[in-house]
Amino acid sequence: MSVLDRVNSPEDVKKLDDIELEELCSDIREFLVESVSETGGHLASNLGVVELSVALHRVFNSPTDQIVFDVGHQCYTHKILTGRKNQFSTLRKEGGISGFIRPVESEHDIFSSGHSSVSVSQAIGLAKAKKIKGEKGKVIAVIGDGALTGGLAFEAFNNGVNGCENLIVILNDNKMSISRNVGSMSKHLTNVRTSKGYFNLKSGVRHVLAKIPKIGNLVNRALTFINTEIRKRVYNDATFFEDLGFRYYGLIDGHDMESLISVLNAAKEHNHSVLIHVNTKKGKGYDPAEKNPTQFHGIGKFDVATGETNYGGKSFSDVFGETMCSLAEKDGRICAVTAAMAEGTGLAEFANKYPKRFFDVGIAEQHAVTFSSGLAKNGLIPVFAVYSTFLQRSYDQLIHDVAMQNLKVIFGIDRAGFVGEDGESHQGVFDVSYLNTIPYFTVYSPSCYDELSYMLGQAVYHDTGAVAVRYPRGKEKEMPKDYHYDKSDYSVFGTDDSKNCIITYGVEFSECYAALKELEDTFIIKLNKIKPIESSIFNLINHNKNVFFFEESIKSGSVGEAFAAMLEEKGICASFHHICIKDEFVKQASVESQLKAYSLDKNSVVSIVKEVSNV
């Protein structure tokens with residue numbers, strides 16, 4: 001029996017000796033590689049925090065001590081240690097456990113997660129609430145150096161550390177160096193400062209000095225000042241966190257279990273906010289992931305022996321990247337902006353070819369939008385490539401810094417619509433609604449690769465003001481064999497004097513067109529530009545009995561909702577049926593299952609149109 005077989009709760013971790021802890025880490029890595037190779041998921045980040053996760057549950061008592069994982073894509077070991085090991089075959093599947101933190105799964109999961117830079121804010125709130133209520137326990141935020149590029153993290157550091165004696169922040173540094181490791185002296189002093197003997201001696205000396213009349217407190221303050229100045233010399237940039245009010249420990253080897261446990265125990269004894277800076281390696285223990293952590297950040301099924309996947313073929317992201325390179329080759333004004341997602345958005349080749357016109361601003365979508373407005377103001381043509389759910393973090397900047405300034409900024413909105421197994425936090429079903437509220441915005445929604453390329457060029461050279469081109473994750477779907485994009489704002493398929501009209505856009509068109517083959521007295525209007533809606537469309541549906549609007553969007557603020565309002569304004573009395581996502585978050589499942597669940601697959605389209613037509 002392996003050590004992992006004996007571990008089903010945090011209490012089991014506390015029963016293991018030092019050798020068994022090392023064996024547990026090895027077992028977990030093997031388990032993670034095997035499991036994720038079958039289900040897909042975030043692998044490199046999880047392999048990097050195995051020892052750290054084990055050490056956390058060794059030292060602290062979750063959920064009395066609350067552990068908050070930033071993003072949550074590094075929570076797999078935490079899930080294994082908190083009773084979900086036997087559910088890993090369901091990871092990211094419909095009805096299974098999430099690839100992120102979810103409180104509905106376990107009392108050990110504190111917040112639902114999926115986006116970065118939020119953990120410190122959450123932890124400060126938790127810590128202050130504990131203090132007000134007189135509750136025991138520490139609050140531990142685990143944040144990566146990548147997430148630390150997000151402004152929200154610094155807002156939290158700036159605002160709330162004072163008065164959080166029960167707060168511990170763990171900075172997991174796995175790529176970008178924040179503090180300079182100055183060698184053996186730094187490591188030696190860190191070991192000394194985290195030892196129990198040092199801590200007790202320091203506390204005892206301060207206690208004795210405090211009792212000395214008149215000069216005791218003065219001596220204590222002098223010692224504190226001297227101690228701070230020494231740390232500034234030894235730890236260099238680490239004093240940034242000291243100046244914010246933290247006790248700083250670092251740099252700690254994040255794969256050295258003994259060091260991790262020692263520093264966590266020291267932090268646990270502190271009556272002061274603490275920041276622990278650990279260094280880990282993404283993909284640790286699995287060679288393909290160590291060599292290519294970007295590929296194994298979020299990966300589908302793969303061969304364990306070789307690390308190879310079998311994706312095959314182009315994606316919308318690839319076509320976007322190719323089109324950007326083609327446009328940039330002809331026009332030196334075109335720039336590409338990304339928020340730490342160069343590979344995910346298809347911009348890796350652009351970055352190599354045009355490095356002076358490529359800007360990766362880190363996980364800072366708000367800055368990316370406003371930065372792009374500055375580029376545009378001085379005559380460049382910025383294209384910000386961003387996932388749909390990440391752009392929603394920049395709503396104010398879209399309004400105030402782009403649209404209100406009437407600036408030409410292009411937004412390549414990737415992962416629009418259903419994205420499948422990533423769950424509630426990543427479904428791109430809100431961008432249509434929030435963009436619909438912003439004046440002077442133009443929004444395109446291509447159904448295939450050719451449309452994406454053309455619309456991106458249209459956005460760059462012909463439209464005025466802010467323009468968004470939104471496209472889905474993955475590959476294009478089957479289009480009509482005789483289909484030719486006529487470069488108009490909408491396209492018509494079938495005879496417009498039919499009784500039933502189906503209106504749709506994006507890749508949902510493929511589902512609707514496939515359904516059209518099984519329907520009678522029905523035609524389709526495919527919207528290519530979804531904002532603004534071309535008014536001449538309404539001339540086509542003046543005499544239709546039923547209008548069906550199918551879209552992968554939340555209902556409130558959607559294109560269908562706007563279309564229904566325009567029908568009423570124009571006095572068109574057709575019976576309107578809006579098939580979309582009601583007031584809820586879309587749970588993890590395959591895209592095919594999500595389409596079926598929301599009646600957006602081919603069979604549902606056929607069923608709905610026939611049912612209404614026969615009434």
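Remember, it's a predicted structure, so these values are computed and weren't measured experimentally. Below, all heavy atoms of this structure are taken into account, side chains as well, without hydrogens, waters or symmetry copies.
A distance-only check finds a donor-acceptor pair linking the side chain of Arg102 to the backbone of Ser113 [under 3.5 Å]. A donor-acceptor pair under 3.5 Å is formed between the side chain of Lys268 and the backbone N or O of Val59. Between the side chain of Arg6 and the backbone N or O of Met1 there is no donor-acceptor pair closer than 3.5 Å. Under the 3.5 Å distance criterion, the side-chain polar atoms of His115 are matched with a main-chain donor or acceptor of Ser425. Between the Ser394 side chain and the Glu365 main chain, a donor and an acceptor come within less than 3.5 Å of each other. Using a distance-only test at 3.5 Å, with no hydrogens or angles considered, a donor-acceptor pair links the side chain of Tyr76 to the main chain of His42. Without hydrogens or angle criteria, Asp27 side chain to Ser2 main chain gives no donor-acceptor distance under 3.5 Å. Side-chain atoms of Asp243 do not come within 3.5 Å of backbone N or O of Phe240 as any donor-acceptor pair. Between the Gln594 side chain and the Lys587 main chain, a donor and an acceptor come within less than 3.5 Å of each other. Between the side chain of Thr90 and the main chain of Ile97, a donor-acceptor pair closer than 3.5 Å is present.
Applying the salt bridge (Lys or Arg N to Asp or Glu O under 4.0 Å) rule to pairs touching residues 78-101 yields Lys79-Glu105, Arg84-Glu105, Arg84-Asp109, Arg92-Asp422, sequence neighbours excluded.
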Between Phe384 and Phe371, is the ring pair (Phe, Tyr, Trp, His ring centres under 6.0 Å) condition met? List the steps. CA-CA 10 Å; Phe384 178 27; Phe371 166 71; 9.5 Å; no

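Surrounding NZ of Lys596 are at most 12 heavy atoms belonging to other residues, nucleotides or ligands under 6.0 Å away. Other residues, nucleotides and ligands place more than 12 heavy atoms under 6.0 Å from the CD atom of Gln87. For Lys133, the NZ atom is loosely surrounded, since the number of other residues' heavy atoms within 6.0 Å does not exceed 12. For Glu30, the CD atom counts as loosely surrounded, since its 6.0 Å shell holds 12 or fewer non-hydrogen atoms of other residues, nucleotides or ligands. Heavy atoms from other residues, nucleotides or ligands lying under 6.0 Å from NZ of Lys14 number more than 12. Atom CG of Asp5 is surrounded by more than 12 heavy atoms from other residues, nucleotides or ligands within 6.0 Å. Atom CG of Asp18 has 12 or fewer heavy atoms from other residues, nucleotides or ligands within 6.0 Å.
Looking at every heavy atom in both residues, Leu148 comes nearest to Phe154 through O-CE1, 2.6 Å.
Aromatic ring orientation, Phe296 versus Tyr286: perpendicular (interplanar angle above 60°, classes split at 30° and 60°). Classified by interplanar angle (parallel below 30°, tilted 30° to 60°, perpendicular above 60°), the ring pair Phe390/Tyr387 is parallel. Aromatic ring orientation, Phe241 versus Tyr248: parallel (interplanar angle below 30°, classes split at 30° and 60°).
You'll find the ring centres of Phe100 and His426 inside the 6.0 Å limit.
Thr345 and Asp414 are not linked by any side-chain donor-acceptor pair at a separation below 3.5 angstrom, with hydrogens and angles left out of the test.
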